[in-house]
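Worksheet: one structure, shown below.
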Amino acid sequence: MATFRNNITLAPAVCEELCKYVGKKNIKISTWTHQRMKELIEEEKMIEEFRKSGGR
C-alpha cells in the first residue's frame, strides 16, 4: 500500500494529552489518526446515501 505523508498542526496541550492516552494503549498516533479518518469517511458516506435516498 502506498502512503501519503502530510503534516498536521496540533495545539501543544492537545498533542501531549493525545500522546498520553494513545501511548498507554501502545498505539501510534498515525495509526489512531488513520482509523479515525476511516470512521469519518464511512459516516460521511452513510449521510450522503441517506440524503440521496430522501431520508428513507
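Residue-environment remark: CD (Q35) exceeds the threshold of 12 foreign heavy atoms within 6.0 Å.
Residues that satisfy the side-chain hydrogen bond (donor to acceptor under 3.5 Å, both in side chains) test with R36, not counting sequence neighbours, are E39.
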- Message: Is there a side-chain contact (heavy atoms from CB on, under 4.5 Å) between E42 and K38? Walk through the geometry before answering.
- Response: CA-CA 6 Å; E42 285 303 312; K38 285 174 56 176; 5.7 Å; no
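Rounding to the nearest 0.5 Å places OG1 of T33 at 8.0 Å from CG of L10.
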